[in-house]
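Letters A, B, ... are given to chains in the order of the sequence lines, protein chains preceding strands, and every chain is numbered from 1. Owing to the predicted nature of the structure, the values given are computational and were not obtained by experimental measurement.
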Amino acid sequence: MSEIEKKLTTNFGYLFEEELISEIKELGVPKSFKEDTTIIEVGDYIKSMPLLVSGAIKILREDEHGEELVLYYLEKGDTCAMTLSCCMGQTKSKIRAVAETNVELIMLPKEKMADWLGKYKTWQSYILQTYHHRLDELLEALDTIAFLKMDERLFKYLKDKAMVTHNDLLHVTHKQISEDLHTSRVVVSRLLKKLENERKIQLFRNSIKVLEL
DNA sequence: ACATTAAGTGATT
DNA sequence: AATCACTTAATGT
């Protein structure tokens with residue numbers, strides 16, 4: 001049994017019945033992406049659906065000028081709700097997915113999606129749960145942008161990032177953060193300095209340590 | 001030694 | 001919170 005198959009069993013074994021797991025093993029194509037590589041670009045047509053086996057994926061909204069904004073992260077056991085709607089309809093992706101860490105995926109042929117919905121109860125509830133979960137995350141992202149001030153947004157961003165990477169030391173520059181939050185580098189630098197004075201983080205060149213988790 | 005990139009800061013809108 | 005203009009510090013060639 002391959003490494004990825006083992007991980008599949010550990011991460012999804014309790015979710016799916018054995019039959020479904022073995023179908024996934026048979027039909028799924030393992031794929032991996034290195035940190036910081038783009039997995040899905042805005043406008044891509046989706047031909048298969050990914051199951052996230054390990055690592056974390058950052059989901060971004062992007063406007064026509066390439067200006068971006070982080071929406072939420074996917075972690076192991078998750079799948080992409082955007083892909084689901086793209087697989088069902090024949091629409092293009094409206095989001096960008098970038099590997100936050102090294103990532104292992106299993107790509108499932110989209111033709112099977114509808115089949116499995118009828119065939120496997122566990123699959124059905126997994127898909128519904130995914131939609132539910134994503135809708136929640138999206139609302140949370142909306143609240144963050146609408147109601148939180150920039151300094152709170154920034155601190156939340158850092159905490160989320162530390163959470164999905166399982167590491168309180170973040171390798172990121174002020175410029176990258178400003179792009180993810182869709183603001184300017186100067187603002188990020190100033191607010192980070194403020195957070196450091198409040199003993200919530202520690203600043204280094206090219207990295208930030210989150211103290212209050 | 002020089003160029004480039006990251007980060008800090010005052011002033012203005 | 002954004003932008004400009006400038007400085008300082010670290011890093012690469």
Side-chain angles (χ1 to χ4, degrees), chain A residues 31-44 50 52 54-76 78 80-82 85 92-105 132-213:
Chain A
K31 263 199 164 183
S32 61
F33 292 88
K34 287 209 196 87
E35 189 174 339
D36 285 332
T37 52
T38 300
I39 299 170
I40 295 170
E41 192 55 81
V42 176
D44 280 3
L52 187 47
S54 76
I57 299 175
K58 180 165 69 178
I59 305 295
L60 307 131
R61 190 83 233 260
E62 197 176 69
D63 73 10
E64 63 271 26
H65 309 298
E67 302 278 359
E68 46 191 39
L69 179 66
V70 172
L71 294 180
Y72 51 78
Y73 292 95
L74 298 179
E75 294 175 83
K76 74 164 186 282
D78 288 341
C80 180
M82 192 69 223
S85 57
K92 292 187 236 177
S93 175
K94 291 176 177 134
I95 50 91
R96 205 150 87 85
V98 178
E100 177 73 25
T101 63
N102 289 341
V103 158
E104 285 175 299
L105 298 171
H132 179 75
H133 193 175
R134 276 325 125 202
L135 189 61
D136 276 355
E137 296 245 43
L138 215 50
L139 283 177
E140 197 190 315
L142 182 65
D143 285 348
T144 303
I145 295 159
F147 304 130
L148 259 49
K149 291 195 199 123
M150 201 61 219
D151 55 344
E152 293 170 298
R153 261 183 79 193
L154 176 61
F155 190 47
K156 184 180 186 306
Y157 168 86
L158 296 173
K159 281 192 287 186
D160 284 351
K161 203 177 177 76
M163 210 86 87
V164 297
T165 54
H166 305 291
N167 192 171
D168 57 3
L169 191 62
L170 310 172
H171 292 277
V172 68
T173 66
H174 299 185
K175 178 141 195 305
Q176 289 168 259
I177 298 174
S178 71
E179 283 163 5
D180 279 355
L181 295 180
H182 200 204
T183 178
S184 69
R185 192 229 94 214
V186 196
V187 171
V188 169
S189 290
R190 285 207 168 102
L191 294 174
L192 283 173
K193 199 77 201 164
K194 205 180 102 191
L195 289 173
E196 187 179 40
N197 289 334
E198 291 167 5
R199 316 270 160 204
K200 291 179 176 170
I201 59 172
Q202 257 182 63
L203 297 176
F204 308 93
R205 189 186 171 87
N206 287 314
S207 56
I208 298 169
K209 184 165 188 174
V210 184
L211 299 175
E212 274 183 32
L213 289 171

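- Between A/His174 and B/dT5 there is no side-chain N or O to OP1 or OP2 distance below 4.0 Å.
- Distance CG (A/Leu192) to P (C/dA1): 13 Å, rounded to an integer number of Å.
- For A/Leu191 and C/dA1, the CG to P distance is 7 Å, given to the nearest whole Å.
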Legend entry - A/Leu52 and A/Leu105: CA distance, side-chain angles, deciding distance, side-chain contact (heavy atoms from CB on, under 4.5 Å) verdict: CA-CA 5 Å; A/Leu52 187 47; A/Leu105 298 171; 3.6 Å; yes

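- The side chain of A/Asn206 lies closest to B/dA6 when the candidates are C/dA2, B/dA6, B/dG8.
- Counted by atom type alone, A/Tyr157 and A/Asp180 present one or more donor-acceptor pairs between their side chains at under 3.5 Å.
- Remark: C1' of B/dG10 and NZ of A/Lys193 are 15 Å apart, rounded to the nearest angstrom.
- In this entry the distance linking NE2 of A/His182 with P of C/dA2 reads 9 Å, nearest Å.
- Between A/Leu154 atom CG and C/dA1 atom C1' the separation is 13 Å, expressed in whole Å.
- Comparing A/Val186 and A/Arg205 along DNA chain B, the residue whose closest nucleotide (by nearest heavy atom) sits nearer the 5' end is A/Arg205.
- Distance A/Arg190 CZ to B/dA7 P: 15 Å, rounded to the nearest Å.
- Looking at A/Lys161 and A/Glu100, their side chains come closer than 4.5 Å, going by heavy atoms from C-beta outward.
- Comparing A/Arg185 and A/Asp151, the nucleotide of DNA chain C nearest to each residue sits closer to the 5' end for A/Asp151.
- Using a cut-off of 4.0 Å between Lys/Arg side-chain N and Asp/Glu carboxylate O, A/Glu140 and A/Lys156 are scored as salt-bridged.
- Between the P atom of B/dA6 and the CD1 atom of A/Ile208 lies a distance of 13 Å, rounded to the nearest Å.
- Note on A/Thr173: only backbone sugar-phosphate atoms sit closer than 4.0 angstrom, heavy atoms only; bases stay farther off.
- One atom, CD of A/Glu179, and another, P of B/dA7, lie 12 Å apart when rounded to the nearest Å.
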